[in-house]
Chemist: 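The following block contains the structure, expressed as structure tokens.
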Amino acid sequence: MRRNLTDATIKTLPFGEKKYNVWDLNLPTFGVRVTKSTRTFVLKKDNRYHTLGRWPAVSLKQAREEAKRRLALKYFPQPTTAPPDAIDQYLEHQKSRIRPGSFIRFRLHLLRDFPKKRLENVTSNDLHDAIKHLSPSQANLAFTVFKVFLNHCVQRDYIAKYPLQGAKLPHKVVTRDRVL
């Protein structure tokens with residue numbers, strides 16, 4: 001449905017059991033998505049909805065300006081990849097590159113120990129907390145796997161910054177006195 005969006009129009013949009021969109025007549029890809037309890041400004045580009053903010057916290061004027069800015073700059077941030085999807089892609093990438101035993105350990109640590117958070121919200125402290133229950137050698141291995149995985153995520157633009165910049169192994173590596 002298309003309407004000339006004004007503050008009064010948005011205020012009178014009824015909440016419903018199903019979500020629906022009301023598109024602006026002046027800016028065709030800009031509109032309001034109405035759900036059971038919220039009214040959210042959205043911008044549609046390439047069959048993707050980009051959220052601009054919730055009404056009334058974000059005014060119609062602010063949302064319209066942001067929509068025009070994004071259209072002018074062609075700024076449409078990619079949605080973040082969920083950790084399970086990123087882990088699956090990483091493991092698929094590594095499967096032919098590493099030994100089968102290493103692959104099993106990588107998979108174990110990523111699926112079992114990696115924090116269950118969105119990738120962009122993972123911090124160094126989260127990773128240290130995730131491996132504190134492991135033995136020192138297993139913690140070092142898990143930490144190394146996390147570093148390689150997060151580096152892979154940065155290279156593929158799943159996350160903007162590397163959370164382990166300058167981080168060291170959680171336990172000191174002890175070299176052996178003798179080798180058989």
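Note that this is a predicted model, so its numbers are computed, not measured.
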Chemist: How many angstroms lie between atom CG of Asn140 and atom OG of Ser135, to the nearest 0.5 angstrom?
Modeler: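 If I round to the nearest 0.5 Å, the distance is 9.0 Å.
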
Chemist: Do Arg39 side-chain atoms and Ile10 backbone N/O form a donor-acceptor pair below 3.5 Å?
Modeler: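 Side chain of Arg39 to backbone of Ile10, a donor-acceptor pair under 3.5 Å: yes, one is there.
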
Chemist: Looking at every non-hydrogen atom in both residues, tell me the closest pair between Lys168 and Phe143 and how far apart they are.
Modeler: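 Smallest interatomic distance, heavy atoms only, reads O-CE2, 3.3 Å.
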
Chemist: Please find the pair of heavy atoms, one from Phe146 and one from Ile131, that lie closest to each other, and give the distance.
Modeler: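 Taking every non-hydrogen atom into account, CE1-CG2, 3.5 Å.
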
Chemist: Are Val174 and Leu169 grouped together when hydrophobic residues (ILVMFWY) are joined by side-chain heavy atoms under 4.5 angstrom apart?
Modeler: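 In one cluster: no.
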
Chemist: Distance check, rounded to the nearest 0.5 Å: Thr9 atom OG1 versus Asp7 atom CG?
Modeler: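 Here the interatomic distance stands at 8.5 Å.
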
Chemist: Please tabulate, for the side chains in residues 99-109, all donor-acceptor contacts under 3.5 angstrom to protein atoms that are two or more places apart in sequence or on a different chain.
Modeler:
{"from": "Arg105", "atom 1": "NH1", "to": "Gly101", "atom 2": "O", "distance (Å)": "3.4"}
{"from": "His109", "atom 1": "ND1", "to": "Asp113", "atom 2": "OD2", "distance (Å)": "3.0"}
{"from": "His109", "atom 1": "NE2", "to": "Gln138", "atom 2": "OE1", "distance (Å)": "3.1"}

Chemist: Can you tell me how far the CG atom of Leu60 sits from the CD atom of Glu65, to the nearest 0.5 Å?
Modeler: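 Nearest 0.5 Å value for the CG-CD distance: 10.0 Å.
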
Chemist: Just to verify, which of Thr40, Asn21, Thr51 counts as forming a side-chain hydrogen bond (donor to acceptor under 3.5 Å, both in side chains) with Arg33?
Modeler: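 Among Thr40, Asn21, Thr51, the one that satisfies the side-chain hydrogen bond (donor to acceptor under 3.5 Å, both in side chains) with Arg33 is Asn21.
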
Chemist: For the pair Asn4 (side chain) and Leu25 (backbone), establish whether a donor and an acceptor sit closer than 3.5 Å, ignoring hydrogens and angles.
Modeler: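 Not confirmed, Asn4 side chain does not pair with Leu25 backbone.
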
Chemist: Would you please test Gln89 and Glu92 for side chain to side chain contact (heavy atoms under 4.5 Å, CB included) and show each step?
Modeler: CA-CA 5 Å; Gln89 291 171 5; Glu92 189 63 34; 5.7 Å; no

Chemist: Closest heavy-atom contact between Ala139 and Pro170?
Modeler: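 It is O-CG, 3.9 Å.
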
Chemist: To the nearest 0.5 Å, what is the distance between CZ on Arg112 and CG on Leu134?
Modeler: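 Arg112 CZ to Leu134 CG: 5.5 Å, rounded to 0.5 Å.
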
Chemist: If you round to the nearest 0.5 Å, how far is NZ of Lys117 from CG of Leu127?
Modeler: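 Spacing of CG (Leu127) from NZ (Lys117) equals 9.0 Å.
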
Chemist: Are any side-chain N or O atoms of Gln165 and backbone N or O atoms of Tyr162, one a donor and one an acceptor, separated by less than 3.5 Å?
Modeler: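 It does not hold such a pair.
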
Chemist: Kindly indicate, with the supporting measurements, whether the criterion side chain to side chain contact (heavy atoms under 4.5 Å, CB included) is fulfilled by Arg64 and Phe41.
Modeler: CA-CA 9 Å; Arg64 189 175 273 137; Phe41 295 108; over 6 Å; no

Chemist: Compare all side-chain heavy atoms of Lys45 with those of Thr29 and state whether any distance is below 4.5 angstrom.
Modeler: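 Sidechains of Thr29 and Lys45: no contact.
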
Chemist: Which atom names give the shortest non-hydrogen contact between Leu5 and Gly31, and what distance separates them?
Modeler: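 Minimum heavy-atom separation between Leu5 and Gly31: CD1-CA, 4.1 Å.
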
Chemist: May I ask you to decide whether Glu66 forms a salt bridge with Arg69, counting only side-chain N to carboxylate O separations under 4.0 Å?
Modeler: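 Arg69 and Glu66: salt-bridged.
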
Chemist: Step through the shown structure and confirm whether more than 12 heavy atoms of other residues, nucleotides or ligands are within 6.0 Å of CZ on Arg156.
Modeler: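 More than 12 within 6.0 Å, yes.
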
Chemist: Linking I/L/V/M/F/W/Y whenever any side-chain heavy atoms sit under 4.5 Å apart, do Met1 and Tyr49 land together?
Modeler: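 They do not share one cluster, since no chain of ILVMFWY contacts under 4.5 Å joins Met1 to Tyr49.
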
Chemist: List the atom of Phe114, the atom of Leu150, and the distance in Å for their closest heavy-atom pair.
Modeler: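 Minimum heavy-atom contact is CZ-CD2, 4.0 Å.
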
Chemist: Using a distance-only test with no angle check, is there a side-chain donor-acceptor pair under 3.5 angstrom linking Thr123 and Asp126?
Modeler: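 Yes, a side-chain donor-acceptor pair sits under 3.5 Å.
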
Chemist: Within a reach of under 6.0 Å around NZ of Lys19, are more than 12 heavy atoms found that belong to other residues, nucleotides or ligands?
Modeler: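 No - once you tally the heavy atoms of other residues, nucleotides and ligands closer than 6.0 Å, there are 12 at most.
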
Chemist: Applying the 4.5 Å side-chain criterion to the ILVMFWY set and letting contacts propagate, would Leu164 and Val145 be lumped into a single cluster?
Modeler: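 Per the 4.5 Å side-chain linkage, Leu164 and Val145 are co-clustered.
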
Chemist: Could you give the distance from NZ (Lys18) to OG1 (Thr35), rounded to the nearest 0.5 Å?
Modeler: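 So the NZ of Lys18 and the OG1 of Thr35 are separated by 14.5 Å.
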
Chemist: With Leu110, which of Val148, Asp88, Ile87 fulfils side-chain contact (heavy atoms from CB on, under 4.5 Å)?
Modeler: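 Running side-chain contact (heavy atoms from CB on, under 4.5 Å) over Val148, Asp88, Ile87 with Leu110 returns exactly one hit, Ile87.
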
Chemist: Pick out which of Thr144, Leu119, Leu91 makes a side-chain contact (heavy atoms from CB on, under 4.5 Å) with Phe149.
Modeler: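 Exactly one candidate clears the test, Leu119.
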
Chemist: Between Trp23 and Lys44, which heavy-atom pair has the shortest distance, and what is it?
Modeler: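 Heavy atoms only, the tightest pair is CH2-CB, 3.8 Å.
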
Chemist: Is it the case that over 12 heavy atoms from other parts of the model lie below 6.0 angstrom from the NZ atom of Lys36?
Modeler: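 Result for NZ/Lys36: open.
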
Chemist: With a 4.5 Å cut-off on side-chain heavy atoms, are Phe30 and Leu52 touching?
Modeler: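 Sidechains of Phe30 and Leu52: in contact.
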
Chemist: Side chains of Pro136 and Lys172: closer than 4.5 Å at any heavy-atom pair?
Modeler: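 Pro136 does not reach Lys172 side chain to side chain.
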
